Visitor: 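Pasting in a structure now, in structure tokens, and then I'll have a few things to ask.
Values below: every heavy atom of this structure, side chains too, minus hydrogens, waters and symmetry copies. Keep in mind the model is a prediction, meaning the values are calculated, not measured.
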Protein chains: 2
Amino acid sequence: MEDQHDPAQPPFDLDRFTPYRLSVAAERASEGLARLYRSRFGISVAEWRVLAHLEHSGNVSVRDIEARVALEKSKVSRAATRLEAAGYIAKAVDPADRRLVQLSLTEEGRALMAEILPVALGFQAELEARLGAAFDGLEQGLQKLLDGTEDKDDPSA
Amino acid sequence: MEDQHDPAQPPFDLDRFTPYRLSVAAERASEGLARLYRSRFGISVAEWRVLAHLEHSGNVSVRDIEARVALEKSKVSRAATRLEAAGYIAKAVDPADRRLVQLSLTEEGRALMAEILPVALGFQAELEARLGAAFDGLEQGLQKLLDGTEDKDDPSA
DNA sequence: CGTTATTCATTGCAAATGCAATGATGTCAA
DNA sequence: TTGACATCATTGCATTTGCAATGAATAACG
């Protein structure tokens with residue numbers, strides 16, 4: 001169980017490795033929130049993100065969401081299909097460019113968001129309270145990480 | 001594309017939502033590193049984590065890794081199977097408790113880590129350089145998030 | 001001891017995922 | 001216009017994933 005790395009090698013501790021730490025923290029946070037809406041509202045993380053983006057911005061194409069919400073387009077597409085089947089969003093062909101699909105919240109979708117948003121905001125508030133003074137530092141660090149080119153080819157992003 | 005939320009509802013911007021930001025930042029960081037070792041060494045993120053933990057601690061059971069490395073036990077088990085097939089680790093029944101499987105790096109595994117570790121450490125160094133003064137703040141925030149009970153039932157974790 | 005719970009690793013299987021087509025539409029320049 | 005190329009959303013398909021058995025081994029406790 002103890003350290004036994006080759007003394008010629010630099011020591012390596014996964015617990016101090018930022019990508020790993022980020023990954024675990026992100027998983028915990030997302031899962032913590034997801035457990036609040038999954039059972040109650042029956043939606044997945046991807047669905048939540050699509051809804052949240054629709055609530056924020058009006059009619060949007062799948063492509064827009066893919067870019068803004070950091071989800072594979074196929075994931076967005078399938079989430080949209082499920083949300084449409086559940087009656088929370090509507091899909092319509094964009095008359096100006098018929099390749100595009102306009103996604104929009106239905107009345108039911110808005111009602112759903114009216115229930116979920118307070119939960120999400122409460123979760124965020126809890127998180128901030130829990131972090132206290134460390135919150136600002138975390139956000140600044142995240143901002144720097146996210147600022148980098150959105151491009152997935154940037155290894156330092 | 002513009003804001004059009006119900007004025008009775010609080011505004012909601014996914015871009016300012018910490019779980020989402022964490023998730024995107026984590027994905028970028030993990031993917032950024034993964035692209036460095038995936039093509040060159042043919043290992044996945046799960047495999048990398050198992051290897052990294054084995055490099056740090058000696059013989060370990062699947063259960064230990066599951067707990068320490070934040071991976072589902074089935075994921076660990078399958079990663080271990082692939083790593084064994086590739087010749088990087090060895091599996092052996094623990095003589096003291098024959099339910100346990102001792103995982104350990106083989107000579108090849110150590111050689112692999114000798115190649116990967118500098119890459120990983122370089123990535124970490126790049127990250128820290130990129131973050132500059134913000135790095136400490138990020139780490140403190142992550143620490144607070146990770147400190148909370150490891151328990152998945154804690155919504156604020 | 002013997003019997004019942006627990007713990008561990010693996011695996012079966014349904015669902016989710018990612019990537020590469022596919023088809024339908026748009027753009028642009030010859 | 002026409003034809004080559006680009007963009008968009010969806011879907012096919014192989015792989016991966018997560019969860020719930022499963023089977024093997026141990027612990028707990030009468």
Visitor: In whole Å, I'd like the distance from the CG atom of A/D97 to the P atom of D/dA9.
Guide: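 Rounded to the whole Å, the gap is 9 Å.
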
Visitor: Which of these, A/V69, A/V101, A/V76, A/L54, sits in a side-chain contact (heavy atoms from CB on, under 4.5 Å) with A/V60?
Guide: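 So the option named by the test is A/L54.
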
Visitor: Write down the distance between CZ (B/R63) and C1' (C/dT6), rounded to a whole number of angstrom.
Guide: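 After rounding, the gap between these two atoms is 11 Å.
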
Visitor: Under 4.0 Å between a side-chain nitrogen and a carboxylate oxygen: does that hold for A/E31 and A/R35?
Guide: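 Looking at A/R35 together with A/E31, the answer is yes, because their closest N to O distance falls below 4.0 Å.
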
Visitor: Round to the nearest Å and state the distance from B/E72 atom CD to D/dA21 atom P.
Guide: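 It works out to 15 Å between those atoms.
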
Visitor: For the side chain of A/R78, counting heavy atoms from C-beta on, which of D/dC19, C/dT25, D/dT11 is nearest?
Guide: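 Of the candidates, D/dT11 comes closest.
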
Visitor: Map A/A96 and A/S74 onto DNA chain C by nearest heavy atom, then report which one ends up closer to the 5' terminus.
Guide: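 So the residue in question is A/S74.
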
Visitor: From CZ of B/R49 over to P of D/dT17, roughly how many Å is that when rounded to an integer?
Guide: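 Rounding to the nearest Å, CZ of B/R49 and P of D/dT17 are 11 Å apart.
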
Visitor: Starting from P on C/dT10, measure out to CD on B/Q102 and report it in whole angstrom.
Guide: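 Roughly 12 Å, once rounded to whole Å.
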
Visitor: Whole angstrom is fine here: how far is it from CG in B/L71 over to P in D/dT17?
Guide: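 Spelled out: CG on B/L71 to P on D/dT17 is 9 Å.
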
Visitor: Counting heavy atoms from C-beta on, name the nucleotide in C/dG18, D/dT10, C/dT11 closest to the side chain of B/S77.
Guide: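 Of the options given, the side chain of B/S77 lies nearest C/dT11.
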
Visitor: Considering every strand and a 4.0 Å limit on heavy-atom distances, what is the contact class for A/S61: base, sugar-phosphate, or nothing?
Guide: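 Touches sugar-phosphate only.
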
Visitor: Which listed nucleotide (C/dG18, C/dA9, C/dG26) is nearest to the side chain of B/K73?
Guide: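 So the side chain of B/K73 is nearest to C/dA9.
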
Visitor: Whole-Å distance between C/dA24 P and A/D94 CG?
Guide: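 One finds 19 Å between P of C/dA24 and CG of A/D94, rounded.
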
Visitor: Ion pair present between B/R78 and B/E72, side-chain N to carboxylate O less than 4.0 angstrom?
Guide: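 Judged by the 4.0 Å cut-off on N to carboxylate O distance, B/R78 and B/E72 do not form a salt bridge.
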
Visitor: How close or far is atom P of C/dT10 from atom NZ of B/K91, stated in whole angstroms?
Guide: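 Spelled out: NZ on B/K91 to P on C/dT10 is 4 Å.
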
Visitor: Heavy atoms from C-beta onward define the side chain here; which of C/dG18, C/dA9, C/dT11 lies closest to that of B/V62?
Guide: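 The listed nucleotide nearest to B/V62's side chain is C/dA9.
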
Visitor: Using a distance-only criterion (donor-acceptor N/O pair, under 3.5 Å, no hydrogens), is the base of C/dT7 paired with the side chain of B/R99?
Guide: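 Indeed, a donor on one side and an acceptor on the other fall under 3.5 Å apart.
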
Visitor: Does this structure show an ion pair linking B/D147 with B/K144, if we count only N-O contacts that are shorter than 4.0 Å?
Guide: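 Here B/D147 does not pair with B/K144 in a salt bridge, since their nearest N and O are not under 4.0 Å apart.
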
Visitor: Salt bridge or not for A/R63 and A/E66, using N-O below 4.0 Å?
Guide: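 A salt bridge is present here (some side-chain N lies under 4.0 Å from a carboxylate O).
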
